[in-house]
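Here is the structure we will look at, set down as structure tokens.
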Amino acid sequence: MHTLVCVKQVPDTTEIKMNPKTNTLDRSSASTIINPYDAHAVEEAVKIRNKFGGKVSIISMGPLQAEEVIKKCIEMGADEGYLLSDRAFAGSDTLATSYILSMGIKKISKKDPIDLVFCGKQAIDGDTAQVGPGIASRLGIPQLTYVEKIESLNLKNNTVVIHRKIDNGYEIVESKLPCLITVEKDINDLSFSSLSNMIKAARYKSTVWGINDFEADIGQLGLKGSPTSVRRIFPPTQRSGGELLKGNIDEVVKQLTDSLKGGIVRWQL
Ligand SMILES: Cc1cc2nc3c(=O)[nH]c(=O)nc-3n(C[C@H](O)[C@H](O)[C@H](O)COP(=O)(O)OP(=O)(O)OC[C@H]3O[C@@H](n4cnc5c(N)ncnc54)[C@H](O)[C@@H]3O)c2cc1C
């Protein structure tokens, strides 16, 4: 069973700041982390490998420093990692990103066929949730999105049964393998890494591939291959604090009803 996980390095958004002058993300203010949804995808892939055998491969597209997230995945129990890094990939939108990642996945699959591809539900910086479905359609395999549980894997029939989150509950879907699954955080709890995996990760060197490692269509990657353009980025307007009503219960109720009536009068005007 060969499972591959797409992992993105993202800014730690609990720390990120906006530059009020340029209205862009101040990336220098944030440290980077593994996209949290992707960490759960790695955990699930490692669980599957431990139960059924085989291996877990990691793929990431980004600058050379993205090798850190691959090391993090090795620490979590993954077996090998591939980093797709080249200046030609810079400026890629989700369409181009899914093209580049699918080229990498095809190359890995030629050497060692892949049964299951995992992605996170979404990346916490871009937030589009488009890359997973984009990869699946480029690979021509089924996509199972918003997955919160893998109910069963049947390697004889080559099928997987999953629970997929929907508005009022979940639906149970069966798919043929290979397929692509995007995961919710509820799918598992993250475990602690073992000391031996930590040592392996510290010494691990990822395979790095650039544009010359593929027969790529230059028109489909980087800025050229990106039909999306960001027109404007702006922080949400700051909300003012609410009004605090003081006094005993009768006074508070009166203040509240007066203020609601005032609101209605203003609304009617
Ligand atoms: C016009 C435009 C220009 C852009 N220019 C740049 C740029 O110059 N530099 C830049 O860094 N970004 C750039 N971006 C952002 C970049 O397109 C997105 O970061 C990227 O396509 C992923 O989209 P997302 O973050 O919405 O991921 P989502 O679709 O929300 O991610 C879903 C899942 O896909 C997988 N995934 C997503 N991205 C990667 C990745 N890189 N490697 C491995 N797995 C991944 C992960 O499993 C992730 O959980 C640009 C975006 C646009 C629209």
Side-chain angles (χ1 to χ4, degrees), residues 3-13 16 24-28 30 32-45 56-73 76 78 80-108 114 116-139 141 143-148 179-185 187 206-210 220-233:
T3 307
L4 176 133
V5 190
C6 300
V7 171
K8 186 180 183 194
Q9 187 179 47
V10 294
D12 189 344
T13 45
I16 204 156
T24 54
L25 290 182
D26 179 3
R27 287 184 186 265
S28 64
T32 53
I33 53 169
I34 177 171
N35 181 43
Y37 293 97
D38 303 354
H40 289 270
V42 175
E43 179 80 26
E44 200 61 21
V56 175
S57 302
I58 305 296
I59 191 166
S60 187
M61 185 198 101
L64 288 174
Q65 82 219 35
E67 205 180 349
E68 283 165 33
V69 288
I70 296 180
K71 279 178 181 276
K72 176 73 194 160
C73 298
M76 292 175 74
E80 59 181 31
Y82 298 84
L83 175 63
L84 311 185
S85 193
D86 199 294
R87 281 182 158 272
F89 303 157
S92 294
D93 67 1
T94 56
L95 192 72
T97 300
S98 60
Y99 174 66
I100 298 161
L101 286 169
S102 67
M103 282 194 311
I105 296 170
K106 282 180 190 164
K107 192 172 162 97
I108 298 166
I114 293 164
L116 200 51
V117 179
F118 273 117
C119 284
K121 172 180 86 165
Q122 67 196 69
I124 59 166
D125 56 347
D127 258 348
T128 66
Q130 289 175 0
V131 171
I135 294 171
S137 68
R138 288 178 185 283
L139 296 177
I141 59 174
Q143 51 178 286
L144 304 166
T145 50
Y146 307 109
V147 172
E148 56 183 9
C179 67
L180 182 142
I181 289 178
T182 78
V183 308
E184 296 275 355
K185 286 185 189 170
I187 195 162
S206 308
T207 302
V208 182
W209 285 334
Q220 289 198 59
L221 43 88
L223 275 178
K224 260 194 191 163
S226 300
T228 329
S229 69
V230 179
R231 301 283 291 273
R232 193 161 74 96
I233 299 178

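Numbers for residues simply follow the sequence, beginning at 1. First listed ligand is number 1; within each ligand, the first listed atom is number 1.
- In this structure, the side chain of Arg138 engages the main chain of Leu95 through a donor-acceptor pair within 3.5 Å.
- The residue among Asn35, Thr94, Val10, Thr97 with a heavy atom at the shortest distance from atom 23 (O) of ligand 1 is Thr94.
- Close N/O approach between Ala90 and ligand 1 is not found [any backbone or side-chain N/O within under 3.5 Å].
- Remark: among candidates Gly222, Ser98, Ala96, Gly91, the nearest residue to atom 3 (C) of ligand 1 is Gly91, based on non-hydrogen atoms.
- For the ligand labelled ligand 1, residue Ser60 lies inside the 4.0 Å heavy-atom shell.
- Inclusion of Val131 in the set of residues having an N or O under 3.5 Å from an N or O of ligand 1 is warranted.
- Residue contact check for ligand 1: Ser226 places no non-hydrogen atom closer than 4.0 Å to it.
- Within the 4.0 Å heavy-atom criterion, both parts of Asp93, backbone and side chain, lie near ligand 1.
- Two residues are said to be in side-chain contact when any heavy atoms from C-beta on lie closer than 4.5 Å; Cys6 and Ile135 meet this criterion.
- Checked by distance only, ligand 1 and Cys119 stay at 3.5 Å or farther apart across all their nitrogen or oxygen atoms.
- Residue-to-ligand polar distances place Met61 within reach of ligand 1: an N/O pair is separated by less than 3.5 Å.
- Of all the heavy atoms of Thr228, the ones lying under 4.0 Å from any atom of ligand 1 are found in both the backbone and the side chain.
- No side-chain heavy atom of Ile59 sits less than 4.5 Å from a side-chain heavy atom of Val5.
- Here the side chains of Pro36 and Ile124 are in contact, with some heavy-atom distance below 4.5 Å.
- The contact set between ligand 1 and Val7, taken as ligand atoms under 4.0 Å from a residue heavy atom, comprises 42 (N), 43 (C), 44 (N).
- Contact annotation for Ser92 and ligand 1: only backbone heavy atoms (N, CA, C, O) come within less than 4.0 Å of the ligand.
- Proximity of Thr182 to Tyr37: side-chain heavy atoms (C-beta onward) are nowhere separated by under 4.5 Å.
- A 4.5 Å side-chain heavy-atom check between Val10 and Thr32 finds every atom pair outside the cut-off.
- In this structure, the side chains of Ile58 and Tyr82 stay at 4.5 Å or more apart for every pair of heavy atoms.
- Geometrically, ligand 1 and Asp38 share a nitrogen or oxygen pair separated by less than 3.5 Å.
- Under a 3.5 Å cut-off, the side chain of Gln220 and the backbone N or O of Tyr99 do not form any donor-acceptor pair.
- The closest side-chain heavy-atom distance from Lys121 to Val183 is not below 4.5 Å.
- For atom 28 (P) of ligand 1, the nearest non-hydrogen atom from the set Ser229, Gly126, Ala129 belongs to Ala129.
- Two residues are said to be in side-chain contact when any heavy atoms from C-beta on lie closer than 4.5 Å; Cys179 and Val117 fail this criterion.
- The ligand atoms of ligand 1 that sit less than 4.0 angstrom from a heavy atom of Gln130 are 29 (O).
- Of the candidates Leu84, Thr128, Asp125, Thr128 brings a heavy atom nearest to atom 24 (P) of ligand 1.
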